[in-house]
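Okay, structure first, notes after.
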Amino acid sequence: MLNNGIEMPILGIGTYTLSNQQAENAVYWALRDGYRLIDTARIYGNEEGVGRGIQKAIDEGLVTREEIFVTTKMWTSDFGNGAAAIDASLRRLNLDYIDLMILHHSQPSNDAAAYKSMEQAVSEGKLRSIGLSNYYTPEDFDRLVNATTITPALLQNETHPHYQSITMKEHLKQYGTVLESWFPLGGRDHTQELFNDPTISSIAAAHSKTSAQILMRWHLQAGNIAIPGSSNEAHIAENFDIFDFELTDADMQRIAAMDQSRRHASY
Ligand code: NAD
């Protein structure tokens with residue numbers, strides 16, 4: 001439940017690095033498998049493919065528009081012209097409204113202006129919820145909050161067992177803002193670090209699950225919304241097949257002990 005009373009699915013599909021064709025397939029398979037949350041961004045260049053995947057699933061009667069939750073992001077070079085960027089994303093996605101739009105990165109020179117353009121779009125019914133991505137200190141988050149009106153519904157930051165976002169999660173509580181994990185599996189080029197980690201792989205063996213499923217279950221039980229990225233039909237199904245088991249308190253504590261406050265990405 002977001003701080004504006006709107007419900008959001010806790011597990012979704014990520015589409016970073018996917019082409020339009022891959023995104024169309026991935027989104028369609030995900031919706032067929034039960035996912036209801038989709039994450040894209042203007043900078044991924046695949047909003048049109050995402051829109052086509054959604055339309056295909058709706059046309060086939062797999063889902064209705066109201067049942068799904070679509071997130072996209074405003075890229076920093078659009079911050080000076082937010083209203084046009086929002087309309088362009090709506091057009092590319094072929095949607096009447098976007099469930100959640102977030103600013104892609106902190107950019108103190110004009111991120112408040114960009115956020116205000118999203119606030120205006122909320123009042124026009126074009127956006128349902130708005131939030132932020134890549135704000136890594138309480139001070140930076142508060143700078144934006146103090147310059148704007150609508151409290152961010154969500155903060156999407158890099159989060160996985162090596163970087164558990166504990167400080168920001170604690171800080172967000174006062175606002176009712178929820179954390180969403182990008183790089184939930186450790187991220188492209190880093191997944192093997194987490195999949196082969198002795199703690200993760202031994203927990204996976206104990207539950208007869210894959211390392212990816214242990215990581216997704218950890219995000220769920222830690223209260224993090226998560227959006228694992230994949231263009232692989234089998235992986236998309238695997239990452240959602242996590243609702244038939246539970247990590248024990250001891251499992252959760254072992255994974256908590258993996259925190260190194262170390263991000264895998266350089267931005
Ligand atoms: P991720 O941690 O989700 O890992 C994706 C990698 O794992 C891919 O190489 C994929 O092929 C592989 N993979 C996925 N499922 C697997 C499985 N079951 N078994 C084996 N390998 C598997 O990293 P990501 O996709 O970069 O991040 C998730 C999503 O977060 C992105 O797709 C994107 O939507 C979003 N994101 C946002 C930002 C931001 O700045 N806000 C940055 C990066 C990503």
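Start at 1 and go down the list; that is how both ligands and their atoms are numbered.
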Does anything in residues 176-186 pair up under side-chain hydrogen bond (donor to acceptor under 3.5 Å, both in side chains), and if so which pairs, sequence neighbours excluded? Asn134-Trp182, Gln156-Glu180, Ser181-His219
Suppose we call two aromatic rings close when their centres sit under 6.0 Å apart. Are Tyr175 and Phe141 close by that rule? yes
Would you say the ring centers of Phe245 and His207 fall short of 6.0 Å from each other? yes
Using the ring of Tyr97 (Phe, Tyr or Trp, six-membered ring only), decide whether Lys126 places NZ or CZ under 6.0 Å from its centre and within 45 degrees of its axis. no
Could you check, using the six-membered ring where one of them is a Trp, whether Trp218 and His160 have ring centers closer than 6.0 angstrom? no
Glu47 and side-chain hydrogen bond (donor to acceptor under 3.5 Å, both in side chains): which partner among Arg52, Arg42, Arg92? Arg92
Shell of residues surrounding ligand 1, defined by a 4.0 angstrom heavy-atom cut-off that is strict: Gly14, Thr15, Tyr16, Asp39, Tyr44, Lys73, His104, Ser133, Asn134, Gln156, Trp182, Phe183, Pro184, Leu185, Gly186, Gly187, Arg188, Thr191, Phe195, Ala212, Ile227, Pro228, Gly229, Ser230, His235, Glu238, Asn239, Tyr267
